[in-house]
Amino acid sequence: MSATELTRSCFLHGFMLALLLVLPVPALAQRQAPESDLKAAILANMLHFVEWPESGLPPRGRLAICYFSDSAVATALVRLDGKVLRNQQLSTIRTDATRLAQCHAVYLAPDDVAQFPDVLPALRAGGVLLTGDTPGLLDHGVMINLELVAGRVVFDVHLGAVRRAGLTLSSKALRLARTVLE
Amino acid sequence: MEPIVRIRRSRWLSLVSTVLTLGIAFVLLMVHQYVVGRQVLLEELHTEAAIIAENSSAALVFDDARSGKEIIAAIRHTPRIVAAALYRANGMLLAAESSGTRSFPSNLSGVDGEPAAGSVGVPDTTSFGASGGLLREDIHFNGAMIGTLVLEVDFTSLYRRLLEYAAGVVGIAVVALALAYRLTRRLRRRTARAEERLEHFALYDQVTGLPNRRLFEDELRKVVDHVRRQAVPAALLFLDVDDFKKVNDSFGHEVGDQVLAMVAERLRSTLRAGDVVGRIGGDEFAAVLYGVGDPDYTAHVVRKLIAAISVPFPTEPTPTHIGLSVGIAMLPADGEDPAALLRHADMAMYVAKGQGKNGYQFFSESIDGKVRHDLRLEADLRLALKEHDGGLWVAYQPKVCARTRRVVGVEALARWRTEDGGFVSPAEFIPVAEHTGLISELGDWVLDRVCRDLAELRATGVAVPKVAVNVSPLQLLRGDAIVGRASRTLARYGERATHFEFELTESALTEARGARVLEALRAAGFALAIDDFGTGYSSLGYLKRFQVSTLKIDQSFISGVPGDEENAAIVRAVVQMAHALNISVVAEGVETEVQAEFLAMAGCDILQGYLLGRPMAVNELATFLREPTAAVV
């Protein structure tokens, strides 16, 4: 393949994947796709509707989603690594509580919940979207919590936590939330 | 009739053109409104589509059908948008909202096959028809296409608004026009009145209120048509006011106009309502008696008119007396064409005037010829009077003493030789001169010519005894300026008044207005002679009053003597009476020696006639006077 042909095919791939990212998975597919893929897609798509504060952000040119340990959703997230989202590349990074500054969003698997108290102070510095899919996480500072209900993945939002982190979540996404807490 | 029709048609045309202009303006306005309205409608639709697309991005991204339906349900607020549907990027229907029974296909690309009955077929791009259409827009979010929005739109609101607008425009236009109509009522009334007045000015004479020449000729034309088509007769009268000029001269034009108005009123009231009377000239009127074909009845009507006008008119300071000369042409006998009829009636009127005014005359072919002839004669006479050798000349007939047969004087007689060598008899041209008023000029010309001839004779050593010049009574009516002119002419040539004698007919004496002139002539030293004595009315007292010096017995008495005893007696009686009054007597028309002898015996002083000498030109007279029998007295 020539350089132009390579660029074109990469572009095409990226576009198609971006489409996949932005395009909602058909309702039919939603019922049949694995739960982890759906959750990962939602987490990634949520980044369309989040605004970070200008200062103190990880370097531009990439959007970083971090995870702590292997989980089904984390694996699905890894599969999304490198996709273009809002003109930036999506990076899926495995991290720990000390290097959260580089993250735009963090996913907490149910197994990670035990470590949560350690994570919290670093998170309170701001600028990171905290997500999870364990029931009751919202009470503990998680901003977006996903849950599978009747074959559909719904999400709850803790708007107060979002604001305290200095982030804004577009009302367009908010209206799709099952519950919004202040 | 013409102006009225023209005015109505112009009003009609202005109305039609107004309506047409307004109609075109209205149509153009509506077209403009439609174009602009449609443009605005489409802009708004696109805006609404954009808003919906913007709001539905999250629903599409998260594939939330419920949320999508909530969002597009907002179209219920817009009657323009009848139905809406959100499709995912892959063409599958996410949510739809429809106010009617229409339904959207579940797949944009038509993979399902034919759309179900009652469903909206979705075209590939936005398409609009006359009453509505489908707006199809792809929804983009953060640089990628995430779905398609389809709106079914309906334009009836546009048309309804256009209708309301049209109704409004028409309503306003009607109100505005009604207002304008009301406000211009006064203006329109004034315009209408002005048009009426204009029409009236164009057709009616302002002084008398009668139809003017133009309208009268129109009416005459109609009558001619009627006469031709329906064989109904008619009579055309041409009425000329006698001596109207003197009214204007004596009383002024204002009184003159009053008199004309009164004349018009009298004419109108004497004639029937259906007869047309018009003023066609300064003092000329014309009338058409419709249905009148009997000359006797026509003459009766004309006499009534003349009688009506002969009643004095009540003017200040003195009443006005005028007469009427009427010319009559009968239709259809005297002409088929209005112009010819008027001309013939005019000629007849001219003859009536010549016959002594205040009378009437029917047209006839001979009048036509005579009038034409007279007119030509008048024109030629005018020319001749301007020249010294234009054809006019003076002939002289000797008058001799009855006893001694010596020349005691001459009578100057006007003669006219035409260009082609012909001869116009005084019996022809003198009356024409009298009619046309050229008589004074002719008289002055004759006197002037006589003086010149006398000068010519004197130059050759021939002296002429007394010269007698004829004076027409009409010359006396012009006032005593004639005396002044005669005196000046004589003075110019160095002649004395006593050398001249003026011959007048008896009627001149009895004409009251001429008395002053006669006295003036006598005062200037001219002698007066009565011509054609015995043929007219004489007042013997006047002979004394005006100091007449000579009586000329008319030749009708002379031709019979001495055989006719009555004539002989008359001659003797006249001679006796004249001698008693110290007036000399001349016998006219002496043709035989027998007559001459008798007359000399009866006491006649002077003889004149072909026996003694025919009227001759001045050079012949010179020869005649050199004869031994001639003697200077």
Side-chain angles (χ1 to χ4, degrees), chain A residues 11-33 37-51 63 83-90 144 146 149-157 168-178 180, chain B residues 48-77 84-97 103-113 136-150:
Chain A
F11 186 75
L12 211 59
H13 268 278
F15 185 68
M16 281 179 1
L17 283 162
L19 274 180
L20 191 65
L21 266 180
V22 175
L23 269 180
V25 182
L28 203 63
Q30 205 182 52
R31 283 197 287 276
Q32 287 174 352
D37 281 329
L38 290 174
K39 285 183 178 172
I42 286 175
L43 284 179
N45 280 332
M46 195 59 71
L47 294 182
H48 280 288
F49 298 98
V50 176
E51 295 295 321
L63 276 170
K83 315 312 162 197
V84 175
L85 202 70
R86 292 177 78 170
N87 297 320
Q88 294 174 34
Q89 267 199 334
L90 188 69
I144 300 180
L146 302 162
V149 173
R152 277 181 55 90
V153 176
V154 299
F155 58 91
D156 306 311
V157 174
T168 346
L169 189 59
S170 166
S171 58
K172 292 177 196 168
L174 277 178
R175 68 178 296 166
L176 302 180
R178 182 176 55 170
V180 176
Chain B
E48 279 156 0
I51 292 170
I52 293 171
E54 178 71 25
N55 288 342
S56 60
S57 52
L60 282 166
V61 166
F62 291 110
D63 197 39
D64 193 326
R66 185 183 55 89
S67 178
K69 187 155 174 85
E70 272 173 24
I71 288 163
I72 63 172
I75 63 150
R76 268 189 249 124
H77 294 290
L86 270 175
Y87 287 89
R88 303 184 179 90
N90 62 2
M92 300 300 288
L93 181 70
L94 177 65
E97 175 74 31
S103 61
F104 287 92
S106 55
N107 193 311
L108 268 183
S109 49
V111 167
D112 293 21
R136 172 175 165 156
E137 258 181 37
D138 290 337
I139 302 172
H140 297 263
F141 183 68
N142 281 343
M145 182 202 145
I146 58 170
T148 307
L149 176 66
V150 175

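Fair warning: this is a prediction, and the values are worked out from it, not measured in the lab. Below, chains carry the letters A, B, ... as their sequence lines are ordered, and counting in each starts from 1.
Aromatic ring pairs are classed by plane angle as parallel below 30°, tilted from 30° to 60° and perpendicular above 60°; the pair A:H48 and B:F141 is tilted.
Taking every heavy atom of both residues into account, B:F62 and A:A173 meet most closely at CE1-CB, 4.2 Å.
In this structure, the separation between CZ on A:R152 and CG on B:D64 is 5.5 Å, given to the nearest 0.5 Å. Taking CD of B:E54 as the reference point, atom NZ of A:K172 lies at 3.5 Å (rounded to 0.5 Å). Put simply, CG on B:D63 and CD1 on A:I42 are 9.5 Å apart, with the number rounded to the nearest 0.5 Å.
Counted within 6.0 Å of CZ on B:R76, heavy atoms from surrounding residues, nucleotides or ligands total 12 or fewer; the atom is thus considered open.
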